[in-house]
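Just so it is clear: chains get the letters A, B, ... in the order the sequence lines come, proteins before strands, and each one is counted from 1. Quick caveat, the model's predicted, so the values are computed rather than measured.
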Amino acid sequence: MRATSSEVVDVDLSVELGPLRLSNPIMPASGCFGPELASLLPLERLGALVTKTVFTAARSGNAAHRLTDSGSGSALNSVGIPSPGAASFRSQVLPRYSAHGTPVIVSIGGLAVDDYFSIADELSMAQFAAYEVNVSCPNLERGGISIGADPDQVYRVTRGVVDRAAGRPVIVKLTPNVASVDETACAAEEAGAAALTVANTFVGLAVDLRRRRPVLGNGTGGLSGHGIKPLVLRLVWEASRAVDIPIVGCGGIATTGDVAEFLVAGATAVQIGTATFSRPTTMAQMLDELPTQLTDLGCRRVADLVGSLQA
Amino acid sequence: MRATSSEVVDVDLSVELGPLRLSNPIMPASGCFGPELASLLPLERLGALVTKTVFTAARSGNAAHRLTDSGSGSALNSVGIPSPGAASFRSQVLPRYSAHGTPVIVSIGGLAVDDYFSIADELSMAQFAAYEVNVSCPNLERGGISIGADPDQVYRVTRGVVDRAAGRPVIVKLTPNVASVDETACAAEEAGAAALTVANTFVGLAVDLRRRRPVLGNGTGGLSGHGIKPLVLRLVWEASRAVDIPIVGCGGIATTGDVAEFLVAGATAVQIGTATFSRPTTMAQMLDELPTQLTDLGCRRVADLVGSLQA
Amino acid sequence: MMLQPLAAEIPSRILPVCIDAPVLGNQYVSDRYWMLRLDAPEIATGVRPGQFVLLTPSQTPGEGPSLPRPMAVYDVDRADGAIDILYGVVGSGTTQLTRFRPGDRMTAVGPLGRPFEPPSDATRLLVVGRGIGICSLTLLARERAERGHAVTVLLSGRHRGAIIGADFCDAVGVHARQLCDEDGSSDVESIRRLLVEQYDPAPPDFVATCGSKRLLALCRDLGRRWTCEVQVSVEAHMACGLGYCHGCAAGEVGRDEESPLVCATGPVFRVS
Amino acid sequence: MMLQPLAAEIPSRILPVCIDAPVLGNQYVSDRYWMLRLDAPEIATGVRPGQFVLLTPSQTPGEGPSLPRPMAVYDVDRADGAIDILYGVVGSGTTQLTRFRPGDRMTAVGPLGRPFEPPSDATRLLVVGRGIGICSLTLLARERAERGHAVTVLLSGRHRGAIIGADFCDAVGVHARQLCDEDGSSDVESIRRLLVEQYDPAPPDFVATCGSKRLLALCRDLGRRWTCEVQVSVEAHMACGLGYCHGCAAGEVGRDEESPLVCATGPVFRVS
Ligand SMILES: Cc1cc2nc3c(=O)[nH]c(=O)nc-3n(C[C@H](O)[C@H](O)[C@H](O)COP(=O)(O)OP(=O)(O)OC[C@H]3O[C@@H](n4cnc5c(N)ncnc54)[C@H](O)[C@@H]3O)c2cc1C
Ligand SMILES: Cc1cc2nc3c(=O)[nH]c(=O)nc-3n(C[C@H](O)[C@H](O)[C@H](O)COP(=O)(O)OP(=O)(O)OC[C@H]3O[C@@H](n4cnc5c(N)ncnc54)[C@H](O)[C@@H]3O)c2cc1C
Ligand SMILES: Cc1cc2nc3c(=O)[nH]c(=O)nc-3n(C[C@H](O)[C@H](O)[C@H](O)COP(=O)(O)O)c2cc1C
Ligand SMILES: Cc1cc2nc3c(=O)[nH]c(=O)nc-3n(C[C@H](O)[C@H](O)[C@H](O)COP(=O)(O)O)c2cc1C
Ligand code: FES
Ligand code: FES
């Protein structure tokens, strides 16, 4: 089963997200990664680094508990995107991401359409490779979920950020909490997105029976982890058929086999979130195993696998 | 922890779904139950029996594979609702459900709005306690998902079945594949639904890596099982705050603790689906444990727990 | 090739039970195979060759795999009330099965499905199995051999180590012939020649097979040649095992009528 | 009550590692408690009292619980490179932990968090723990006793059988006093009287506590009375343990600034 190293030496792992060329398709998911991992994971090997979502102003985030294991391979979080704000992000945080020579994708968020424009304005002079526009965070008191669920708003936000991106590619991260992801996917594509991340977390609830309260301080939270994989695979498949721009698959990916399944379903690259918590070395292991996995499946390039699912 | 039998003797398990009074809140989910279980499960103890969804005409269902374990506590199915058709249902199938003295809820489906009216017409003279209107099956080639995702169509279907129900209560089973369940819940309530079942399965995909094909013959399928519990708990909580009619919780319920969590989140009764496959005695065990569970939580009636979640 | 349901009349058999069976043993055997022994007198009493059970690969409700796994009853100890299951580790469910230790309890439902039903006067049996499919045939071979019938068993596998059932046949006194891909002996045409040579003079009156589409086609051909009854046990993904979930219909679609349910009408079908 | 971060300067310590640690032992102890021993030289070398590890309760990526579980290092055998974790079985993750057997491997990340930091001249320590919270205090008691410091340990629990750490204290030569709800001895007011009586003549110069809000309040009061440093180890639900996921901020919200992260700024805080 295991190919020898000579057999796999020729595998080409590089991928392109529009104008953004990455050495390989493996990157972390926003909020599930930080430079703190440098001692556990060779950050320079990753395809890209993705920052936690940044807001213009400083934000404190939600009340405890902010996360819980919700059983069956899923976690719920209502971290609520605490943020140091744009200024402090530029001076304190971004340099720690940039130190590794890996393309940095900055995730930006907002509570209203205009917020996205302010943060893009504020970051326009900073050094990084691309934006990921988080229109889909379900944990904010207002805004978040409605922006991402409404194709018109997705269009406006994407368009406005593209206009302010100073030529950087703009990736739009969609929410899965919609009846059909096709419409928001198309809206983002029309507005000039270079790629789409599919998807953010699903809204869920955990109940503390004794206290008759939600386990999370914020009430509901976002469901992530390998339990959501079948749901996200379907969204990736659908979105990849609805648009012509590349898809970054995100949700429940824990093994190299999962990575391959997402590529087959239509993703060009993948993001790893919750899996890193239990096994911080997950992405490194995927990079070790991916050449063999591709070889086993008869592929010499990642591109050979992308979107190869036959309906 | 375990209350003695004398302590729990007074617990009142009965619940009301509009005019439908049930001896307890435990019933099977449509398609995950049949009279074949009679040798394994005391059917007369259940709150109600729910039939597999019936269509007017005979249908063969989807191609194999029709189901698969999709990991992390979830199953995917694309059975596709094979149906013997209305006539054969009345003469062959329904009598086997009615033989147990337990209220029978007949699940009906259709591929277009009018189909629901035909099946209701055809069953109007038969003997059973209530309808469950399945507007939410994601597996049909057409119709299914769009009817349940569109509040107007949910209104029309519900209204038409209520008009033809000969006084029987009509429960509407919603689809979870929507951005917000509030709108379809309200549409069903306005149209005269006596209760809502929340919810049917989530659309998902499993990929067979070697064959580069979906595992299921039909492509995508419906995700069920304990992996979906946090998602459904949230929908139950939302729906119960959006409408004044009772909610029947359905999705991922596997233990008596799960039942209690659904009651707390706002369900008046619950349906058990996938859990019965691995443990056909699940519902009997829940009935054994529920009085103690309620007593432990300081309740003497199911109603004391229903909707007690504090936000 | 058509698979036909067995005779409409279902022979009297015990109803399935659902038990939390104490695990008596669960050991690695060879290749990817493990042997599980359950204390299950309720199932052991009535189980017949070709029937199966559904095993739940998790110990706690609400945790682990969502569906049970269908497994043939490989052997039964009716005196001790124990059943043996030989299983191959394939994916998550069977991996979880390896975690059970003696003393744990495993939820099992069975016996399920229709058993092999050789014609009542059959005394010469040919049994042809490949890989894990052999597990559905062992009990048939044993019970018929114990009645003094003439039973020949062909065991096919990828390589020597992957052939299962040989020890079992030895132990119960059934002649078994091992065939494997490694040395080419499992090639269908050589098997055909072998069987024609051996049986043409005095054909078997019943052929049972499981585990290979190509061997199934061979058995059908030979059944026609010898005009003898051929039955096959087939696989399908399952949930209920009882006939109500409609998950296991394995045939073509498009007709108004559903193809037969493998769990309830099968898993054993007549081949014609 | 205010919890303050420890001194801004972080004492030199080893960076956390992620290892697949061989399980050396995993046994039931008493009540709902189990003792786990991991072969983890990379962690054993540098771990300091009050630090913790994240344990992954599943053996296979993509299966089992989605988040790791934070557990204090109960004891360490630096010569053998082993760490001991005493854990209480609460929910699904800790139930899964009980399934590991010697020879299995468990993914562990550590050492994590800031350790207890008694003033450099402290030689008289009072250690007050309740229930599972005692696990964060044992290593402190042991290491200080080994340095010849005067250490008194109060162990509180629901009932006699639920008190942990007594054997440990015996073994490492620390005086421990057991208090339980059953006989009323764990009542906060009687503990207060006991401690005031014992320590007023010569107060301790460091108090460490974990596991009970009421005992924490008591320790704060006594710390003020004796003007001595009080530190507490607190709990929070965690995901990363390293400070990047922001899941463990346990304080109030509403201010623009986030309250401290328990995993990185804590779990040990100064009490004032
Ligand atoms: C009647 C019958 C008898 C069987 N007897 C045996 C036996 O004695 N020993 C043995 O090792 N195996 C037997 N099998 C096959 C066994 O059920 C599968 O190997 C097993 O379900 C694989 O589970 P998994 O979780 O390891 O694989 P996964 O691939 O992780 O399973 C995913 C899903 O697909 C289903 N599935 C995958 N392969 C099969 C298959 N071949 N047949 C049915 N469902 C499948 C699983 O049940 C599960 O729902 C039998 C199957 C049937 C239908
Ligand atoms: C720094 C630190 C050190 C700890 N040391 C120990 C120890 O030495 N021994 C020990 O038995 N326990 C210790 N705990 C508590 C231990 O982490 C929890 O008991 C455990 O996470 C419960 O997991 P579960 O799956 O059994 O419970 P579940 O209730 O099923 O867990 C659900 C979720 O809530 C989280 N959770 C539940 N209770 C706690 C808790 N008390 N603290 C943090 N997260 C929780 C879980 O991690 C999980 O994400 C420590 C906690 C912290 C923060
Ligand atoms: C603790 C936590 C924090 C997260 N923070 C963010 C965030 O700031 N911005 C964002 O776009 N997504 C955030 N996410 C969502 C993840 O990026 C990812 O979309 C999701 O977790 C699904 O992937 P996974 O199943 O691999 O974790 C967060 C997820 C978790 C679990
Ligand atoms: C095999 C299978 C068949 C199903 N058939 C139907 C059906 O005919 N009609 C229907 O309304 N729901 C059907 N469902 C959905 C269930 O009734 C239920 O809504 C869903 O499985 C979620 O509950 P669970 O997680 O407890 O299984 C089916 C589900 C499964 C797994
Ligand atoms: S497995 Fe349910 S009908 Fe066959
Ligand atoms: S657990 Fe991630 S920041 Fe503390």
- [ ] Quick one: pull up CG in A/L216 and NE2 in D/H237 and give me the separation to the nearest 0.5 Å.
- [x] 9.0 Å
Open item on the list: Could you tell me if the side chain of A/T282 sits less than 4.5 Å from the side chain of D/P61, heavy atoms only?
Closed with: no
Task: Atom group of A/A75 that falls short of 4.5 Å from chain D, counting heavy atoms - done: both
Task: Exercise: identify the closest heavy-atom pair between A/P280 and D/V109 - done: CG-CG2, 3.6 Å
Task: Interatomic spacing from SG in D/C18 to CG in A/L41 - rounded to 0.5 Å - done: 9.5 Å
Task: Pairwise distance CD(A/E36) to CG(D/L15) - rounded to 0.5 angstrom - done: 12.0 Å
Open item on the list: I'd like to know whether CZ of D/R214 has more than 12 heavy-atom contacts from other residues, nucleotides or ligands below 6.0 angstrom.
Closed with: no
Open item on the list: Using 30° and 60° as the class boundaries, would you call the ring planes of A/F33 and D/Y244 parallel, tilted or perpendicular?
Closed with: tilted
Task: Region of A/D258 in contact with chain D, defined by heavy-atom distances below 4.5 Å - done: neither
Task: Candidate list D/T56, D/L54, D/L67, test side chain to side chain contact (heavy atoms under 4.5 Å, CB included), partner A/F277, passing option - done: D/L67
- [ ] Output the option from A/G31, A/C32, A/G227 having the highest count of non-hydrogen pairs under 4.5 Å with chain D.
- [x] A/C32
Open item on the list: Test your reading of the model: is there a side-chain donor-acceptor pair from A/R279 to the backbone of D/T107, 3.5 Å cut-off?
Closed with: no
- [ ] Please lay out, stage by stage, how A/L67 and D/C245 fare under the test side-chain contact (heavy atoms from CB on, under 4.5 Å).
- [x] CA-CA 10 Å; A/L67 47 76; D/C245 82; 4.1 Å; yes
Open item on the list: Could you measure the distance from the OG1 atom of D/T60 to the NE2 atom of A/H226? Nearest 0.5 Å is fine.
Closed with: 9.5 Å
Open item on the list: Taking every non-hydrogen pair under 4.5 Å, which of D/G64, D/G91, D/A236 racks up the most with chain A?
Closed with: D/G64
Task: Proximal component of A/T255, with respect to chain D [non-hydrogen, under 4.5 Å] - done: side chain
Task: Donor-acceptor contact below 3.5 Å, side chain A/S278 vs main chain D/S66 - done: yes
Task: Which portion of D/S58 sits near chain A, non-hydrogen atoms under 4.5 angstrom - done: both
Task: Option in A/G217, A/G225, A/S39, A/G252 with maximal non-hydrogen atom pairs under 4.5 Å from chain D - done: A/S39
